Each structure stands twice: as structure tokens, then as C-alpha cells.
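Computed from a predicted model, the values in this text were never measured in an experiment. Just so it is clear: chains get the letters A, B, ... in the order the sequence lines come, proteins before strands, and each one is counted from 1.
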2 protein chains.
Amino acid sequence: MGKLVTEMLKGTLEGIVLAVLGGRPAYGYEITAWLREQGFSDIAEGTIYALLVRIEQRGLVDVEKVPSEKGPPRKVYSLNAQGREYLEEFWSTWSFLAERLEQLRKGGKQT
Amino acid sequence: MGKLVTEMLKGTLEGIVLAVLGGRPAYGYEITAWLREQGFSDIAEGTIYALLVRIEQRGLVDVEKVPSEKGPPRKVYSLNAQGREYLEEFWSTWSFLAERLEQLRKGGKQT
DNA sequence: CCCGGCTATTTGGTGTTGCTAAGTACCGGT
DNA sequence: ACCGGTACTTAGCAACACCAAATAGCCGGG
């Protein structure tokens with residue numbers, strides 16, 4: 001889409017990926033492909049991998065190496081307890097922000 | 001609130017400020033104070049000023065220096081035509097993101 | 001047989017953004 | 001004269017997404 005969405009993704013992309021993993025375990029390539037389908041056309045390959053490394057180091061996900069029939073082994077990530085907790089926080093922060101934005105959209109500051 | 005909201009603000013804070021200015025002209029100190037009231041407790045003073053400089057340089061706002069009775073002159077910003085256009089884009093990008101997030105929240109990837 | 005194409009991950013460097021912290025400046029009340 | 005509130009500026013830092021290129025395994029076609 002463009003620069004705007006790129007900047008907005010800072011801070012939310014992490015939550016998006018955690019939410020995906022909250023649905024079910026997945027690996028990087030798969031997540032990237034899925035996001036592209038969802039309309040995030042310009043999410044860079046490398047971005048997701050870097051993000052996955054980050055959340056792994058923070059202990060939010062567990063990792064398992066699974067051989068693939070079609071290429072090098074996949075690193076399958078799954079959300080653990082700590083990750084679920086963090087995801088809850090993310091949603092509450094998101095709600096906070098979304099509410100403020102929604103109010104701003106209809107009304108602005110003059111109220 | 002914390003680090004989470006800080007990261008999420010990247011990319012949205014700009015839109016928030018533009019939306020405020022879309023309501024009516026305002027100056028930095030005022031905007032900061034208002035945002036704090038709205039619950040953005042930890043938005044740093046300097047952040048808003050830096051942002052205002054940025055959007056001014058991009059030609060999204062017009063500036064007028066207005067003397068204040070209580071301190072140094074205020075720099076009052078008002079959204080111009082280009083700014084309004086940009087704000088429209090911002091809202092459309094925001095909608096896109098908010099919809100995807102909302103779908104993720106209820107449902108996840110398993111669909 | 002090896003070369004291109006798909007799968008899958010890694011790494012290094014760049015730009016934008018918000019934060020921290022300190023400083024400048026103007027005013028009124030004590 | 002000083003302090004606290006108003007109002008803006010500047011310099012350095014950290015986090016995050018992007019781009020580009022490299023690595024690596026597997027497959028089928030020429």
C-alpha cells in the first residue's frame with residue numbers, strides 16, 4: 001500500500017503475528033504468505049523473520065524445527081503461556097488506541 | 001501506559017495530531033496537554049514539537065505565530081488542503097488496518 | 001548433470017519515529 | 001530577585017519495518 005501502512009505497522013505487526021500464532025502454530029514463510037493474501041501486499045520477507053526471532057528471544061513463543069518435503073526445515077512457532085499473556089496486553093492497548101482514534105474520526109477536538 | 005503503546009503510536013500519532021488540527025487550529029503545548037487528558041499519559045513534550053516540525057516541512061499545515069500573555073509566542077498550526085488530503089489517506093489506511101485486526105481478534109487464522 | 005525455480009531462513013545496512021534530557025525564553029506572583 | 005507555569009528547541013538514543021543479498025535444501029527440465 002505505501003509508506004503510511006508501513007509506519008502504522010510498527011508496533012502492530014508484532015501483535016498481528018502473535019494473534020496468528022494464537023490461532024495455531026505456524027512458520028515464517030507461511031505467515032508472510034498469509035499476510036500477503038490478507039492485503040498486506042508489501043510486507044517484506046525479512047521483516048517477519050526478524051520479528052519471529054525477536055519474540056522468540058523474549059520468550060513469547062516456543063519453536064520446533066520440522067523437516068519440509070519441499071525445502072529446508074521449517075521453524076514452527078507456537079504461542080506459549082507468556083505469549084498469550086502478552087497478546088492480551090496487546091489487545092487491550094490496541095482497544096485503547098482504536099477507541100481514541102474512533103472518537104477523533106467523528107468529532108475531532110472541538111468537543 | 002508503556003512500551004506497547006509507544007510502539008503503536010509510531011505512525012498513528014502523526015494522524016492523531018492531524019486529526020486534531022482537522023478539528024481546529026492548535027499549538028504544540030495545547031495539543032500535548034489535550035492528549036494527556038485523553039489518556040495518552042506518557043506522550044513526551046518533545047515528541048509533539050518534533051512531529052509538528054515534520055508535518056510543517058511536508059507542507060501539510062500552515063503556521064502562524066501568535067503572542068501569548070503567559071509566555072513565549074505560540075506557533076499555531078492549521079491543516080491546509082494538502083493536509084486534509086493526507087488525513088483522508090491516513091483514515092483509509094487506518095480503516096484497513098483496524099478491519100484486519102478486528103477480524104484477527106475474533107477468529108484468528110484457523111478460518 | 002547442472003541449472004533455474006520454489007521453498008525457507010539469515011544477515012547487514014538504512015530511514016522513520018517516539019523517547020529522554022537538557023536548554024532557552026517569557027511572564028506573573030511572592 | 002526568584003520560582004513556577006507557559007511554550008518551544010535541540011541532540012542523542014532505541015525500536016521497528018524495509019531493502020538487498022546470501023545461504024541452503026529440494027525438485028524438474030534441458
Q: CZ of B:F90 versus C1' of C:dT17: gap in Å, rounded?
A: 14 Å
Q: Decide yes or no, distance alone: a donor-acceptor N/O pair under 3.5 angstrom between the base of C:dT16 and the side-chain of A:K10.
A: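 It does, because a donor-acceptor pair links the side chain of A:K10 to the base of C:dT16 below 3.5 Å.
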Q: Checking contacts here: which listed nucleotide (C:dC19, D:dT6, C:dT17) is nearest the side-chain heavy atoms of B:E14?
A: C:dT17
Q: Going only through I, L, V, M, F, W and Y residues with side-chain contacts under 4.5 Å, is there a path from B:V76 to B:I31?
A: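 As far as the 4.5 Å side-chain criterion goes, B:I31 and B:V76 are not connected within one cluster.
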Q: Would you call B:E89 and A:K3 a salt bridge, taking side-chain N to carboxylate O under 4.0 Å as the test?
A: no
Q: Output the rounded distance in Å from CD (B:E7) to P (D:dA17).
A: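 Atom CD in B:E7 sits about 8 Å away from atom P in D:dA17.
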Q: With sequence neighbours left out, write down each residue that passes salt bridge (Lys or Arg N to Asp or Glu O under 4.0 Å) with B:E88, or none if nothing qualifies.
A: none
Q: Taking only the side-chain nitrogens and oxygens of B:Y49, find out if one of them lies under 4.0 Å from OP1 or OP2 of D:dA7.
A: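 Checking D:dA7 against B:Y49, no side-chain N or O comes under 4.0 Å of OP1 or OP2.
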Q: How long is the line joining NZ of A:K65 and P of C:dT9, in whole Å?
A: 9 Å
Q: Once you round it to whole Å, what is the distance between C1' of C:dA8 and CD of A:E69?
A: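 Spelled out: CD on A:E69 to C1' on C:dA8 is 12 Å.
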Q: With the threshold set at under 4.0 Å for non-hydrogen atoms, list the residues of residues 50-62 of chain B touching DNA chain D in residue-number order.
A: none
Q: Closest to the B:L9 side chain: D:dC18, D:dT6, C:dG18?
A: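 For the B:L9 side chain, the nearest candidate turns out to be C:dG18.
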Q: Going hydrophobic residue to hydrophobic residue with side-chain gaps under 4.5 angstrom, can you get from B:V66 over to B:V20?
A: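 They do not share one cluster, since no chain of ILVMFWY contacts under 4.5 Å joins B:V66 to B:V20.
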Q: For residues 48-65 of chain A, which side-chain donor-acceptor pairs fall under 3.5 Å, sequence neighbours excluded?
A:
| residue | atom | partner | partner atom | Å |
| --- | --- | --- | --- | --- |
| A:Y49 | OH | A:Y29 | N | 3.3 |
| A:R58 | NH1 | A:E14 | OE1 | 3.4 |
| A:R58 | NH1 | A:E14 | OE2 | 3.0 |
| A:D62 | OD1 | A:N80 | ND2 | 3.4 |

Q: For B:R74, give me all partners under side chain to side chain donor-acceptor pair (under 3.5 Å), at least two apart in sequence or on another chain.
A: B:Y27
Q: Measure the distance from CE on A:M8 to C1' on C:dT17 and round it to the nearest whole Å.
A: 13 Å
Q: Name every residue in residues 70-77 of chain B that has at least one heavy atom under 4.0 Å from any atom of DNA chain C, in order of residue number, or write none if there are no such residues.
A: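 Nucleic-acid contacts, sorted: B:K70, B:G71, B:P72.
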Q: With sugar-phosphate meaning primed atoms plus P, OP1 and OP2, does B:T47 contact a base, only sugar-phosphate, or nothing at under 4.0 Å between heavy atoms?
A: base
Q: Mind calculating the distance between CG (A:D42) and P (C:dT16) to the nearest angstrom?
A: 16 Å
Q: What pairs with B:F90 under ring-ring contact (aromatic ring centres under 6.0 Å, His included), at least two apart in sequence or on another chain?
A: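 Partners of B:F90 under the ring-ring contact (aromatic ring centres under 6.0 Å, His included) test: none.
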Q: Send over the distance from A:Y29 OH to C:dG5 C1', rounded to a whole Å.
A: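 Interatomic distance, OH of A:Y29 to C1' of C:dG5: 10 Å.
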Q: What is the distance from CD1 of B:I48 to P of C:dT17, rounded to the nearest Å?
A: 13 Å
Q: B:F40 vs A:F96 aromatic rings, parallel, tilted or perpendicular, using cut-offs 30° and 60°?
A: perpendicular
Q: If you count heavy atoms of other groups shown closer than 6.0 angstrom to CD of B:E85, is the number above 12?
A: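 Not buried by this count: 12 neighbours or fewer within 6.0 Å.
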Q: Give one of base, sugar-phosphate or nothing for A:S68, where a contact means two heavy atoms less than 4.0 Å apart.
A: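 Answer is sugar-phosphate: A:S68 comes under 4.0 Å of backbone atoms only.
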